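What follows is a single structure, written as structure tokens, with notes after it.
Remember, it's 1-based here, ligands and their atoms both numbered in the order they're listed. The structure presented is a predicted model; accordingly, all values stated were derived computationally and were not measured.
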Amino acid sequence: MIYGIYFSPTGSTKVVVEYLAEADKLIDITNENIKIEFCKDDVVYVGVPSFGGRVPGLALERMNEIVGNNARAVLISAYGNRASEDTLIELSDFLKNKGFTILCGIEAVCRHSIFTEVAKDRPDLKDFLDYDYFKKKIESLLLKEYKEPIIPGNRPYKMSKPAKLIPLTNSFCNDCGLCVKKCPTKAIDSNNFHKIDENLCISCMRCIHICPSHAKHIEEKTFKMLEEKLMPFFAERKNNNFYC
Ligand SMILES: Cc1cc2nc3c(=O)[nH]c(=O)nc-3n(C[C@H](O)[C@H](O)[C@H](O)COP(=O)(O)O)c2cc1C
């Protein structure tokens, strides 16, 4: 069986996994833990967004009870045109530890989920052509004798300290409750949608992304300050990368 697993608060990791894997079974771990035992004939595409150059801790928690049994894993890091850094190596170490055989790794540029004007339309046509090329490479790797891939990144992993961006709620909120339902960490108070538990919020931007009334947002001053600091890193178009 071919599986596609993704943690995807704002949907771009999902797009990449869906396209690359063409899976028999897609599994969304954004809001739920999974408990699955794979077998050695399975090919499992695992996609996560890069948060501060690392795998979001919650994505790893979600997969804590998976068993690889030597199934082959295709690693996917969706990143917002800055850098993926240690995301793939961290994902690789985690899945190896769960008994997977790592086939290859992919870094895919997607729209930045905080600074949504960055890589705004990505993945675009050019990216999908890259994905088609990656698919062919995966097909040929599956036929060849196994060789351990060289996955980028450093150990110890980067000390990730992404700024805590706790979404605010404006008067457009019409109490539909979608944000409460969709928040991966249940950080939004179900009796007061304006109230977010700062200890639980992982700043994944899902509530901002899905709010039909555009009521959730990041405080403008903080946003502008961060944007100014990070803009130089976003300037040029970054590449999708394949590692085998
Ligand atoms: C908290 C947070 C940290 C992020 N850190 C990085 C980063 O270090 N490098 C980068 O290129 N993109 C970064 N991004 C952008 C996401 O990796 C990118 O937008 C990804 O495609 C989001 O996936 P999703 O749409 O599946 O949620 C970050 C986004 C968030 C919310």
Side-chain angles (χ1 to χ4, degrees), residues 4-21 26-32 45-60 62-63 75-91 105-124 127-128 130-131 152-154 157-167 179 182-185 187 196 198-211 216-219 222-223 226-227 229-241:
I5 299 178
Y6 57 84
F7 179 84
S8 187
T10 70
S12 49
T13 311
K14 174 180 188 247
V15 169
V16 182
V17 170
E18 271 181 345
Y19 191 85
L20 284 170
L26 276 170
I27 305 169
D28 183 355
I29 59 166
T30 315
N31 286 66
E32 271 162 45
Y45 291 68
V46 183
V48 294
S50 177
F51 280 8
R54 299 276 305 270
V55 181
L58 183 60
L60 299 181
R62 295 276 188 244
M63 296 186 282
L75 318 173
I76 299 165
S77 159
Y79 76 106
N81 204 55
R82 187 189 66 80
S84 169
E85 294 167 318
D86 299 336
T87 310
L88 282 184
I89 200 149
E90 186 176 13
L91 186 58
I106 292 167
E107 292 169 343
V109 181
C110 294
R111 184 192 56 190
H112 200 294
S113 46
I114 302 173
F115 309 102
T116 50
E117 289 300 307
V118 173
K120 191 171 182 247
D121 300 314
R122 298 186 73 179
D124 59 18
D127 294 314
F128 284 107
D130 283 347
Y131 300 171
N154 296 301
Y157 314 130
K158 188 184 170 191
M159 283 295 284
S160 168
K161 262 208 214 135
K164 267 259 175 191
L165 294 170
I166 310 296
C179 56
K182 296 278 185 180
C183 173
T185 60
I196 298 184
E198 298 195 9
N199 294 317
L200 291 178
C201 177
I202 55 167
S203 307
C204 70
M205 305 293 127
R206 188 165 173 85
C207 57
I208 296 179
H209 180 77
I210 52 98
C211 176
K216 292 260 184 271
H217 61 280
I218 297 300
E219 198 237 336
T222 318
F223 183 86
L226 256 178
E227 190 180 45
K229 196 171 133 200
L230 289 170
M231 259 321 149
F233 300 102
F234 294 135
E236 64 192 41
R237 182 184 170 99
K238 305 276 167 52
N239 293 326
N240 305 303
N241 302 308

Legend entry - Contact (N/O only, under 3.5 Å) between S84 and ligand 1: no
Legend entry - Close-contact set for ligand 1 against P49 heavy atoms, below 4.0 Å: 20 (C), 22 (C), 23 (O)
Inset, instruction - Output yes when the distance from some N or O of ligand 1 to some N or O of M205 is under 3.5 Å, and no in every other case. - result: no
Inset, instruction - Number the atoms of ligand 1 from 1 as they appear, then name those within less than 4.0 Å of a heavy atom of C110, with their elements. - result: 21 (O)
Inset, instruction - For the residue pair F115 and F234, categorise the inter-ring angle as parallel (less than 30°), tilted (30 to 60°) or perpendicular (more than 60°). - result: tilted
Legend entry - ligand 1 to Y79 polar contact by distance, N or O atoms, under 3.5 Å: no
Legend entry - Heavy-atom pair with the smallest gap, counting every atom of A78 and T13: CB-OG1, 3.5 Å
Inset, instruction - Measure from the side-chain N and O atoms of R122 to the backbone N and O of D127, and report whether any donor-acceptor pair falls under 3.5 Å. - result: no
Inset, instruction - Measure from atom 9 (N) of ligand 1 to every heavy atom in A119, C204, P9, A83 and give the option owning the shortest one. - result: A83
Inset, instruction - Run the numbers for me: atoms of ligand 1, each under 4.0 Å from some heavy atom of G52, listed by number. - result: 3 (C), 4 (C), 5 (N), 6 (C), 7 (C), 8 (O)
Inset, instruction - Give yes if a backbone or side-chain nitrogen or oxygen of S8 is under 3.5 Å from a nitrogen or oxygen of ligand 1, and no if not. - result: yes
Inset, instruction - Provide the number and element of each atom of ligand 1 under 4.0 Å from a heavy atom of G11. - result: 24 (P), 25 (O), 26 (O)
Legend entry - Any side-chain heavy-atom pair of M205 and I218 under 4.5 Å: yes
Legend entry - N or O pair under 3.5 Å between G80 and ligand 1: yes
Inset, instruction - Mind telling me whether F51 and F7 have parallel, tilted or perpendicular rings, with 30° and 60° as the class edges? - result: perpendicular
Inset, instruction - Let me know which of N241, T87, N240 forms a side chain to side chain donor-acceptor pair (under 3.5 Å) with E107. - result: N241
Inset, instruction - Mark yes or no for whether N81, through its side chain, and E236, through its backbone, hold a donor-acceptor pair below 3.5 Å. - result: yes
Inset, instruction - Over all heavy atoms of both residues, which pair between C204 and T10 is shortest? Give the atoms and the distance, please. - result: O-CG2, 3.6 Å
Inset, instruction - Please determine if D86 and K158 form a salt bridge, counting it only when a charged side-chain N lies under 4.0 Å from a carboxylate O. - result: no
Inset, instruction - Give the numbers and elements of all ligand 1 atoms closer than 4.0 Å to a heavy atom of S203. - result: 1 (C), 31 (C)
Inset, instruction - Find all atoms of ligand 1 within a distance of less than 4.0 Å from any non-hydrogen atom belonging to N81, and give their numbers and elements. - result: 11 (O)
Inset, instruction - Say whether, by atom type as modelled, one donor and one acceptor occur between the side chain of D28 and the main chain of T30 under 3.5 angstrom. - result: yes
Legend entry - Within-cut-off N or O pair, F7 and ligand 1, under 3.5 Å: no
Legend entry - Within-cut-off N or O pair, E85 and ligand 1, under 3.5 Å: no
Inset, instruction - May I ask you to check whether R82 has an N/O atom sitting below 3.5 Å from an N/O atom of ligand 1? - result: yes
Legend entry - Heavy-atom closest contact (A59 atom, V55 atom, distance): CB-CG1, 4.1 Å
Inset, instruction - Just let me know how L165 lines up against ligand 1, side chain, backbone, both or neither, with a heavy-atom cut-off below 4.0 Å. - result: neither
Inset, instruction - Please work out whether any backbone atom (N, CA, C, O) or any side-chain heavy atom from C-beta onward of I114 is under 4.0 Å from ligand 1, and answer side chain, backbone, both or neither. - result: side chain
Inset, instruction - Show which atoms of ligand 1 fall inside a sub-4.0 Å distance from at least one heavy-atom site of T10. - result: 24 (P), 25 (O), 27 (O)
Inset, instruction - Indicate yes or no for a side-chain donor-acceptor contact from K238 to the backbone of R82 under 3.5 Å, with no hydrogens or angles considered. - result: yes
Legend entry - For ligand 1, the portion of R111 having any non-hydrogen atom under 4.0 Å away: backbone
